[in-house]
Colleague: 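Sending over a structure as structure tokens; questions will come in a sec.
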Amino acid sequence: MLKIPLIALACVGLYAQTPAADTILTNGKIVTVDERFSIAQAVAIRGDRVVAVGTNQEITQLAGPNTRRMDLLGRTAIPGLIDNHMHLLRAAGTWTKELRFDGVESRRVAVEMLRARVKSIPPGEWIYNIGGWAHQQFADNAKPFTREELDQIAPANPVALQESYYQVFLNTRAMEVLKITANAPDPPEFLKGSILRDGAGKPTGVIQGDIAGTRVVASKLPRVAPEQLEASAEALLKAMNQAGLTSVGVPGCDADVLSIFENWKAAGHLNLRVFCMGGTAAGTPQTVDRSIQQIAGMKLFQGDSFIDNIAFGESVYSPLHDPMFALKSNPPADQLEQWKKMAMAIAQAGLPLHVHAELSGTIDAFLDQIEAVNKEHPIKNLRWQLAHVNQINAPQIERMKKLGMYAAVHPWAVINGGIMHEGFGDGAYDMPPLATLQNSGITWGLGTDGTAASQTRPFTTLYFAVTGKMVGGTKVIRQTISREDALIAHTRKNAYFVFQENNLGSIQRGKLADILVLDRDYLTIPADQIKDIKPVITMVGGRVVYDSTPRAAPSR
Ligand SMILES: [Zn+2]
């Protein structure tokens with residue numbers, strides 16, 4: 001008896017008393033990225049959510065006298081882009097001090113940027129970046145920097161330019177500060193052999209040795225002062241919004257930066273959604289039991305759609321963490337036994353797992369362990385993810401599908417394609433095998449692994465996925481995918497990775513209004529221009545967080 005009148009009332013309420021939309025976007029090409037990849041003309045937003053998607057006529061009817069009306073003038077809008085794996089919070093500690101080369105395709109431009117920095121800072125102050133580029137991305141002149149060249153550009157400032165985690169280029173002033181000299185042994189904190197010297201024993205200015213070698217330099221570079229951390233974090237988020245990112249999965253959320261984000265959230269102006277992956281990896285058999293105790297006490301999903309903890313990651317047992325530029329792996333049985341103990345505890349606690357796994361040997365070995373774990377504690381609904389997976393193959397993808405696992409794909413070749421071709425030869429053309437992943441039907445999503453290992457810009461990743469070209473334009477992979485599939489992997493599919501598929505990833509009624517308005521049409525411009533797409537408006541939860549349009553604010 002009661003049910004029918006209640007439903008009737010609800011219907012009347014919907015039509016008679018629905019408040020007007022807060023914002024309507026009309027006259028656009030709305031690429032919704034819904035299940036049918038439908039295209040609409042207009043969107044209505046109320047509060048932080050999309051309330052309707054449709055034609056100009058349908059949506060205009062939802063406007064009232066106080067509705068903000070945004071005429072898209074025919075522009076394309078897409079869902080806010082999600083990166084399922086970026087070391088974002090860590091970067092706040094250096095962001096405003098770094099001279100970033102993300103997406104810089106010209107060596108001449110990079111040198112101009114260095115010269116401009118020299119002019120703008122006092123002598124003695126560091127000029128540096130910590131990854132996000134590689135010299136092969138310079139289309140005009142793809143050669144490494146030399147010490148002499150950097151000395152000529154910056155005679156009075158120490159310079160350290162870190163290429164991904166591959167190598168660092170130092171000038172003479174930097175070597176003096178780091179106490180690297182011709183007539184003395186290497187400072188003890190440097191990885192043995194990482195300081196390259198010429199035949200006469202003179203240091204060349206190049207530091208190599210993968211993460212273990214390059215991070216010694218990075219650890220000695222000045223960070224932003226504590227009182228500047230908030231400003232640096234703000235600049236970082238602005239750069240991400242400007243590049244089109246609205247949500248990020250973050251391995252290892254630094255507590256000091258996270259507390260800044262919590263304050264901004266409480267004040268209603270956190271402009272990026274942050275989904276943390278954490279927990280303590282074991283490093284030795286002796287520390288496994290302690291890590292297992294921590295796993296049993298881990299509490300995830302206590303947050304909301306702006307900040308949450310979503311998974312254990314990204315390392316389980318650190319001796320089995322593939323080095324970035326290793327060419328193959330053969331994980332020892334005793335270490336895998338420790339890895340399995342950890343994974344068993346993670347499954348038993350019912351936690352999602354997001355684990356670094358790059359090389360084929362490692363992926364096979366981890367899948368062996370996970371299949372054993374799955375027999376005791378089924379992981380089917382836990383969304384376990386292998387991350388990076390550039391050397392994954394079709395049989396491994398099938399094993400993952402059977403386990404209900406996802407592939408978090410971070411194409412390191414976007415900047416490191418040249419280095420990978422030197423190491424892997426033609427095998428690098430299938431790293432990652434994007435078409436194989438796409439055709440397999442596995443749930444997979446795109447990310448960058450920025451800010452050091454790779455660059456940070458999502459339209460650069462989309463360009464790579466569609467053209468197979470690294471920054472600078474060299475073709476480095478052969479398995480490309482359609483621009484529709486690439487966009488899905490960077491939006492709707494990634495929403496599953498951050499456990500927000502009901503809120504994020506498409507422009508649909510009921511979802512949060514995270515929307516980009518683009519300066520050109522992603523679906524029709526020449527593929528080589530995808531990297532050049534710039535959002536003119538970035539919206540998070542219905543709030544405009546970035547706006548490059550000439551008018552100061554959208555008209556009301
Ligand atoms: Zn990793």
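For ligands, and for the atoms within them, numbers begin at 1 and follow the listed sequence.
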Colleague: Does the side chain of S318 come under 3.5 Å of the side chain of S315 through a donor N or O and an acceptor N or O?
Modeller: no
Colleague: So, of the N/O/S atoms that H356 has, which is the nearest one to the Zn ion (ligand 1)?
Modeller: ND1
Colleague: Tell me, please, if H388 has any N/O/S atom, main chain or side chain, under 2.8 Å from the Zn ion (ligand 1)?
Modeller: yes
Colleague: Do the side-chain N and O atoms of H356 and E314 include a donor-acceptor pair separated by under 3.5 angstrom?
Modeller: yes
Colleague: Which single N/O/S atom of E314 lies at minimum distance from the Zn ion (ligand 1)?
Modeller: OE1
Colleague: Please examine the side chains of E262 and I307, heavy atoms only from C-beta on, and report whether any two atoms are closer than 4.5 Å.
Modeller: yes
Colleague: Looking at H354 versus Y406, is the centre-to-centre ring distance below 6.0 Å?
Modeller: no
